[in-house]
Amino acid sequence: MSIVINIDKAKTIAHDRRREARSEEFKPFDDAIAKQIPNQMEGAEAQRQLIRDKYAAMQTAIDSASTIDEIKAAMP
């Protein structure tokens with residue numbers, strides 16, 4: 001008997017984990033943004049953009065994956 005893996009469900013799980021990881025990376029910068037701390041907002045927003053770019057690339061890789069190994073390779 002073989003195991004059948006639902007690729008769409010695996011992608012959904014991967015996206016959930018990707019979102020959680022991105023959220024964790026945002027946390028150190030969220031305070032500076034929320035409080036609008038002078039001289040920290042620009043740097044915090046620049047770092048947040050780097051994080052967004054990283055996870056956008058990861059999202060694209062997950063969406064285009066056709067195997068579980070490709071999904072795993074796209075994850076952090």
Side-chain angles (χ1 to χ4, degrees):
M1 178 179 275
S2 64
I3 297 173
V4 177
I5 297 173
N6 182 329
I7 260 314
D8 292 328
K9 182 66 176 174
K11 287 181 181 183
T12 299
I13 292 168
H15 282 305
D16 289 343
R17 290 186 180 167
R18 176 188 56 81
R19 287 182 196 104
E20 289 172 12
R22 181 184 63 194
S23 179
E24 286 299 313
E25 285 192 45
F26 274 156
K27 281 185 181 180
F29 308 108
D30 287 345
D31 196 42
I33 298 295
K35 293 179 181 176
Q36 296 189 1
I37 299 170
N39 300 325
Q40 289 185 15
M41 283 185 49
E42 294 81 15
E45 190 53 45
Q47 289 299 315
R48 287 170 54 95
Q49 187 58 51
L50 291 174
I51 294 167
R52 281 187 205 100
D53 293 344
K54 170 184 167 184
Y55 284 95
M58 194 180 301
Q59 179 177 352
T60 301
I62 292 168
D63 287 339
S64 65
S66 59
T67 67
I68 294 301
D69 289 334
E70 290 173 354
I71 293 172
K72 287 179 183 179
M75 296 303 295

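Side chains are part of it too, since the values below use all heavy atoms of this structure and drop only hydrogens, waters and symmetry mates. Just so you know, residue 1 is the first one in the sequence shown, and it goes up from there.
Residue Ile13 belongs to no hydrophobic cluster, having no ILVMFWY side-chain heavy atom closer than 4.5 Å to its own. Under the 4.5 angstrom side-chain criterion for Ile, Leu, Val, Met, Phe, Trp and Tyr, Val4 has no cluster partners at all. Within the hydrophobic cluster formed by Ile, Leu, Val, Met, Phe, Trp and Tyr side chains joined at under 4.5 Å, directly or through other members, Phe26 is accompanied by Phe29, Ile51, Tyr55, Met58, Ile62, Met75.
Without hydrogens or angle criteria, Lys11 side chain to Ser66 main chain gives no donor-acceptor distance under 3.5 Å. In this structure, Gln49 contributes its side chain and Glu45 its backbone to no donor-acceptor pair below 3.5 Å.
The environment of CZ in Arg17 is sparse: at most 12 heavy-atom neighbours from other residues, nucleotides or ligands sit within 6.0 Å.
Residues Thr67 and Ile7 approach most closely at C-CD1, 3.8 Å, considering heavy atoms. Here the closest heavy-atom approach between residue Asp8 and residue Asn6 is recorded as N-OD1, 3.0 Å.
Interatomic distance, CD1 of Ile3 versus CD1 of Ile68, reported as 11.0 Å (0.5 Å rounding). Going from atom CZ of Arg18 over to atom OG of Ser23 covers 11.5 Å, rounded to the nearest 0.5 Å.
A salt bridge is absent between Glu25 and Arg48; no separation between the charged side-chain nitrogens and carboxylate oxygens falls under 4.0 Å.
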Salt bridge (Lys or Arg N to Asp or Glu O under 4.0 Å) assessment of Lys27 paired with Asp30 | CA-CA 5 Å; Lys27 281 185 181 180; Asp30 287 345; over 6 Å; no
